[in-house]
Student: 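Have a look at this one.
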Amino acid sequence: RKEFVDLYVNYVFNESIRKLFEVFMQGFLRGCPARKWKMFLPVELQTVLEGHKKFDWRLLEKNVTYVQYRMLDRTIRNFWTVFHKLPEEKKKMFLAFLSGSDRIPGCGPEHFRFSIVDPQVEKPDEHYPSASTCIRILFLPR
């Protein structure tokens, strides 16, 4: 019975996907050669691939660039007041809204930057905030 289970598990997790995995691995290694991964410790490689899971939200605030806003504008002060009162999960949801991921890239939180831009619409109360995830811009109507 144990031998059957071992053979079945091996088939499901190894043999049945071997060809697909080999094709995937070949493509992956073409773009990311294995010799470059050897410079990382396992925990470092995990951070590079997954991103940072711990956040310094004040550092995030400090690294923002404002366009058509100043740091002391009422809209900006209100935004950060509300943001810092959010629970951790909601802050991560904001990060996903802004950047497409709920994690900070492996380069580190000190290098994570985004912009808050006034879209300068005629009736700002009729517009919701929006984001350009590729270039990390939050369009925040006044």
Side-chain angles (χ1 to χ4, degrees), residues 2 4-142:
K2 182 182 178 333
F4 172 78
V5 171
D6 289 343
L7 289 170
Y8 182 75
V9 167
N10 182 54
Y11 174 77
V12 169
F13 290 110
N14 296 313
E15 299 303 321
S16 68
I17 63 165
R18 184 173 309 281
K19 285 189 191 296
L20 290 172
F21 182 76
E22 286 171 359
V23 171
F24 165 78
M25 189 58 127
Q26 183 181 19
F28 182 80
L29 291 176
R30 187 177 309 146
C32 304
R35 66 183 179 279
K36 294 191 179 181
W37 296 111
K38 291 180 182 178
M39 73 174 108
F40 294 107
L41 295 171
V43 70
E44 293 171 328
L45 183 57
Q46 182 176 6
T47 300
V48 167
L49 295 174
E50 291 182 358
H52 291 270
K53 299 175 190 174
K54 294 185 180 178
F55 308 98
D56 179 348
W57 300 111
R58 295 287 174 186
L59 182 60
L60 181 75
E61 178 182 0
K62 182 181 165 199
N63 288 339
V64 171
T65 303
Y66 301 100
V67 180
Q68 286 110 23
Y69 273 121
R70 282 174 284 142
M71 188 171 27
L72 296 176
D73 285 344
R74 193 166 117 214
T75 303
I76 298 301
R77 288 191 328 250
N78 289 343
F79 171 80
W80 287 114
T81 298
V82 169
F83 179 83
H84 288 300
K85 289 180 181 178
L86 293 172
E88 190 76 6
E89 272 313 302
K90 295 287 184 181
K91 289 176 182 173
K92 289 179 182 179
M93 289 172 73
F94 168 76
L95 198 58
F97 173 74
L98 173 69
S99 67
S101 173
D102 65 349
R103 297 181 182 179
I104 292 189
C107 61
E110 62 276 2
H111 299 291
F112 185 83
R113 309 238 187 285
F114 75 97
S115 299
I116 297 179
V117 176
D118 179 356
Q120 298 185 328
V121 291
E122 280 189 36
K123 298 178 182 177
D125 290 340
E126 295 178 7
H127 291 74
Y128 292 111
S130 60
S132 178
T133 57
C134 295
I135 51 178
R136 293 190 219 135
I137 294 177
L138 174 66
F139 297 100
L140 185 64
R142 289 184 186 263

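Note that these values count all heavy atoms, side chains included, but never hydrogens, waters or copies made by symmetry. Numbers for residues simply follow the sequence, beginning at 1.
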Student: Between Leu7, Asn14, Asp6, which is the residue that forms a side-chain contact (heavy atoms from CB on, under 4.5 Å) with Asn10?
Tutor: Asn14

Student: Considering only NZ, NE, NH1 and NH2 on the basic side and carboxylate oxygens on the acidic side, decide whether Arg77 and Asp73 come within less than 4.0 Å.
Tutor: no

Student: What I'd like to find out is whether the side chain of Asn63 reaches to under 4.5 Å of the side chain of Phe112, using heavy atoms alone.
Tutor: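 They are not in side-chain contact.
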
Student: Without swapping roles, check the side chain of Ser101 against the backbone of Ala96 for a donor-acceptor pair under 3.5 Å.
Tutor: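 Flag not set: sc Ser101 to bb Ala96 has no pair under 3.5 Å.
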
Student: Heavy-atom distance under 4.5 Å between the side chains of Thr133 and Leu98, does that happen here?
Tutor: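 Not touching, per the 4.5 Å side-chain cut-off.
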
Student: Apply the test side-chain contact (heavy atoms from CB on, under 4.5 Å) to residues Arg70 and Ile76: give CA-CA distance (whole Å), side-chain angles for both, the deciding distance (0.1 Å), then the verdict.
Tutor: CA-CA 8 Å; Arg70 282 174 284 142; Ile76 298 301; over 6 Å; no

Student: Looking at Ser115 and Val117, would you say the former's side chain and the latter's main chain have a donor-acceptor pair under 3.5 Å?
Tutor: no

Student: Aromatic ring centroids of Phe79 and Phe94 under 6.0 Å?
Tutor: yes

Student: Using side-chain heavy atoms (C-beta onward) and a distance below 4.5 Å, is Val64 in contact with Tyr66?
Tutor: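 Answer yes - side chains close enough.
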
Student: For residues Asp102 and Met93, determine if any side-chain heavy atom of one lies less than 4.5 Å from a side-chain heavy atom of the other.
Tutor: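 No, side chains not in contact.
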
Student: Shortest non-hydrogen contact from Phe114 to Ile116?
Tutor: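 Nearest pair, atom of Phe114 first, then Ile116: CE1-CG1, 3.6 Å.
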
Student: Are the side chains of Lys90 and Phe83 in touch, meaning some heavy atoms are under 4.5 Å apart?
Tutor: no

Student: Any side-chain heavy atom of Lys92 sitting closer than 4.5 Å to one from Arg103?
Tutor: no

Student: Check this for me, if you would: do Glu22 and Lys19 make a salt bridge, where the nitrogen-to-carboxylate-oxygen distance has to be below 4.0 angstrom?
Tutor: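 Salt bridge: no.
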
Student: Could you pull out every donor-acceptor pair under 3.5 Å between side chains of residues 135-142 and any protein atom, sequence neighbours left out?
Tutor:
| unit_1 | atom_1 | unit_2 | atom_2 | d |
| --- | --- | --- | --- | --- |
| Arg136 | NH1 | Arg113 | O | 3.2 |
| Arg142 | NE | Asp118 | OD2 | 2.5 |
| Arg142 | NH2 | Gln68 | O | 2.4 |

Student: As a quick check of understanding, evaluate side-chain contact (heavy atoms from CB on, under 4.5 Å) for Trp80 and Val82, giving each step before the final call.
Tutor: CA-CA 5 Å; Trp80 287 114; Val82 169; over 6 Å; no

Student: Please check if the side chain of Glu44 supplies one atom and the backbone of Leu41 the other of a donor-acceptor pair under 3.5 Å.
Tutor: yes

Student: So with a 6.0 Å cut-off around OH of Tyr11, is the heavy-atom count from everything else above 12?
Tutor: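 12 or below, so no.
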
Student: Should Leu60 and Phe55 count as side-chain neighbours, where that means a heavy-atom distance under 4.5 Å?
Tutor: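 Leu60 vs Phe55: side chains apart.
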
